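Notes to accompany the following structure.
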Amino acid sequence: MTMRLVAAELVESRQILPGQWLQSFHAPELATGSRAGQFVHVRTGDYSGLVLRRPFSINTADPATGIVTLHFRTVGRGTEWLTRVREGEQIDMLGPLGRPFEVDPRSHNLLLVAGGLGMAGVRMLADEAVRDGRQVTILFGALSASHVYPSSLLPDEVEYVVATDDGSLGHHGYVTELVPGYEAWADQAFACGPHPMLKRLAALAAGRRGRLGVAKLGRKRGGQTDPLGSTAARRKTFLQVSMEQTMGCAVGACLGCTVIGVNGMLRVCREGPVFAAEEISWEAIS
Amino acid sequence: MKARAGAARPVGVTRPRVETGSAAVADLGAPNVARPTMAQREALDRIDLSIDIAPQRGLVLPNPILVASGTFGYGVEYGEVVDVQRLGAICCKGTTLRPRAGNQPPRVTETPGGMLNSIGLQNPGVDAVIEKYGPIWQGWKVPVIVNIAGDSIEDYVEVARRLDGVPGVAGIELNISCPNVGKGGLQFAIDRDAARAVTAAVRRATELPLLVKLSPNVSDVRPIAKAIEDAGADAITAINTLSGLAVSSDRMRAFLGNTYGGLSGPAIKPVALRIVYEVAQVVSIPIVAIGGVTCLDDVLDFLACGAVAVQVGTAIFADPELLVRLGDELRLECLRRGLTSFKPLIGTALPKWAGAASAKGAEYRP
Ligand SMILES: Cc1cc2nc3c(=O)[nH]c(=O)nc-3n(C[C@H](O)[C@H](O)[C@H](O)COP(=O)(O)O)c2cc1C
Ligand code: FES
């Protein structure tokens, strides 16, 4: 679906974790037209002080009910304003924006890796994959047990594995340490979280090819390869990452949201937010 | 919520909005442009919003609401969200002779009532711009003004030369004031002689209408504006962004990858008004105002200070529909005042004796 301005009515708002909110909006155009990995650019109420919209991953989208959800943490005046919107009020969303995750039709086992709020970036992919009959494992990392995304908010079919930095729940350590245990099982991996986490995953994915001989997917006879950044190339890659950057327009016009790619600047809002790991110049990411 | 004049909405969609001048118009019983009566329709149709912003060469815009360079890409990015054919003109992203990668990210951040940007003139170079967008622009009725930048007079001249005669290019806006690229713009904009030299050189290189964009980062802008007029510019656009800084959340460094950024948005409107007010008193070529326009009242303020048209930049990000709405609202404002053109609104706030009150504009006066 092409992007448009949508009036989304808040139907439910609740705090699911300390400082983290899950809001449901009635926005049928977005619920039917969006794919996992895409985002919306939300206008805040106070234009005199806050001049920019705020980008949020589309956390879930249900075409049957017309409901989309956003999951966010209050980090400033814009997100605080959003928590004060009342049920029944409409807010202005521009979307759906950006390019989605691309799942290879042959992939059966999907590994989703999320760090903290990164859950919002991959959450919808779990729904899509389950719907399409794929196996999904989510590896989730958080500071401590009190920051762990509730399993009740995930589809029953998903295997959910948790790591906490302080060991208060699940694996004691970083979520990336769980990944090697799944690399033989997974056909493809999809990740969203802090950039250091994504960088570590990209390094693991680069090494995976060596350890497993050849990647199970990603080979093409005849030597002709799809251009980097194309949908076809992304579909065949092992690791796709959803990146974050501060944004102005979110439609590709201002060049404000770039990250450094191996072939030059990439707009997170337009070429991304989902990229194949090989597209990113990881040395430049800190 | 009040029914909003001029805001033609998709069916059943209302959104919370900042009140603007048009709300006051609606209160006075002025017609809703979305559903006017026959007589009102005819009166509205008679109102002429067209304006020639370069009378020496002729650059007639259908209305005085332009989009500011760098905030609207090449006119295609907003897709169906904005009907570009209803705009006064589009100033495209700053274009240089060779491709530029731009500055290190992060490049934008919000500030109170505004934002900082340090894009650093990322663009594919003039040849690629012509090849990729020229054919699209040619098919549009909205004029496209190509904003150009360089770090030598020769660069500016060469870019202008390549644009000269390209179908779909209606004019050139010289960015001599981008504060982002180390040596790229600032010298020309802060130095009267350099501003004169680059304007004169580009003037000789092209017959296209030539707009020159002022930087606010100077102590007195008037001698520079005068030099630009003398060097043959058709119009002055003002202002570019103000140089600023933001600090990272851990307070260990500057937030932007480029350290410095350019401030834009409502926060800079008073500065832009002051500069337009001053420049209007020393030049006789048209002035196109830029800086913090978010509503009809802002447009009217700039017109009153001597601008013949305005550019809208940062406000597009929050409210892309604003661009088209401002034209509609200006038309209504003219109707409400019994005018058939907005031109009588230009310069009404300027002092009656040109020059007199402008003597100390840039000084601090408590
Ligand atoms: C993201 C961004 C990029 C910009 N890029 C350019 C540019 O390439 N060339 C230029 O002359 N001005 C550029 N500007 C300045 C704007 O054209 C305008 O002068 C300024 O933003 C003030 O207007 P506003 O307050 O309506 O945004 C840019 C501004 C922004 C916010
Ligand atoms: S936010 Fe403007 S180009 Fe991405």
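Model, not experiment: these values are computed from the prediction. Throughout, a chain's letter reflects where its sequence line sits, starting with A, and its residues are numbered from 1.
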> What do you reckon, is CD of B:E131 surrounded by more than 12 foreign heavy atoms closer than 6.0 Å?
Replying inline: no
> Where the side chain of B:E110 meets the backbone of A:V51, is there a donor-acceptor pair that is under 3.5 Å apart?
Replying inline: yes
> What's the spacing between A:T258 OG1 and B:N103 CG if we round to 0.5 Å?
Replying inline: 9.0 Å
> Judged by atom type as modelled, is there a donor-acceptor pair below 3.5 Å linking the side chain of B:R107 to the main-chain atoms of A:C257?
Replying inline: no
> Taking the side chain as C-beta and beyond, is there a heavy-atom pair between B:P105 and A:I260 under 4.5 Å?
Replying inline: yes
> Is there a side-chain contact between A:C254 and B:N117, using heavy atoms and a 4.5 Å cut-off?
Replying inline: no
> Any chance CD of B:Q85 has more than 12 other-residue heavy atoms, nucleotides or ligands included, within less than 6.0 Å?
Replying inline: yes
> Is the CZ atom of A:R73 crowded by more than 12 outside heavy atoms at less than 6.0 Å?
Replying inline: no
> Ignoring hydrogens and geometry, is there a side-chain-to-backbone donor-acceptor pair from A:T246 to B:T109 under 3.5 Å?
Replying inline: no
>> Taking every non-hydrogen pair under 4.5 Å, which of B:Y74, B:F72, B:F317 racks up the most with chain A?
In response: B:F317
> Quick one: which residues of residues 245-257 of chain B reach chain A at under 4.5 angstrom, heavy atoms only?
Replying inline: B:F255
>> Less than 4.5 Å to any heavy atom of chain A: does that hold for the side chain of B:T111, its backbone, both, or neither?
In response: backbone
>> Report which part of B:Y78 has an atom under 4.5 Å of a heavy atom belonging to chain A: side chain, backbone, both, or neither.
In response: both
>> To the closest 0.5 Å, what do you measure between CG (A:L50) and CE (B:M115)?
In response: 13.5 Å
> For the candidates A:G264, A:A284, A:G256, A:A250, which exhibits the highest count of non-hydrogen atom pairs separated by less than 4.5 Å from chain B?
Replying inline: A:G256
> A:R77 versus chain B, heavy atoms under 4.5 Å apart: side chain, backbone, both or neither?
Replying inline: neither
>> Can you confirm whether B:Q122 sits close enough to A:M265 that some side-chain heavy atom of one is under 4.5 Å from a side-chain heavy atom of the other?
In response: yes
>> Does atom CD (A:E244) have a neighbourhood of more than 12 heavy atoms from anything else shown, all under 6.0 Å?
In response: no
> Taking all non-hydrogen atoms of both residues, which atom of A:L5 and which atom of B:P320 are closest, and how far apart?
Replying inline: CD1-CG, 4.2 Å
>> Does any part of the side chain of B:P106, heavy atoms only, come nearer than 4.5 Å to the side chain of A:Q245, both counted from C-beta?
In response: yes
> Taking it one step at a time, do A:L255 and B:K93 satisfy side-chain contact (heavy atoms from CB on, under 4.5 Å)?
Replying inline: CA-CA 10 Å; A:L255 307 172; B:K93 176 67 193 163; 4.2 Å; yes
>> If you count heavy-atom pairs within less than 4.5 Å of chain B, which of A:R54, A:M247, A:E89 leads?
In response: A:R54
>> So which residue, A:V251, A:V42, A:T2, ends up with the most heavy-atom pairs under 4.5 Å with chain B?
In response: A:V251
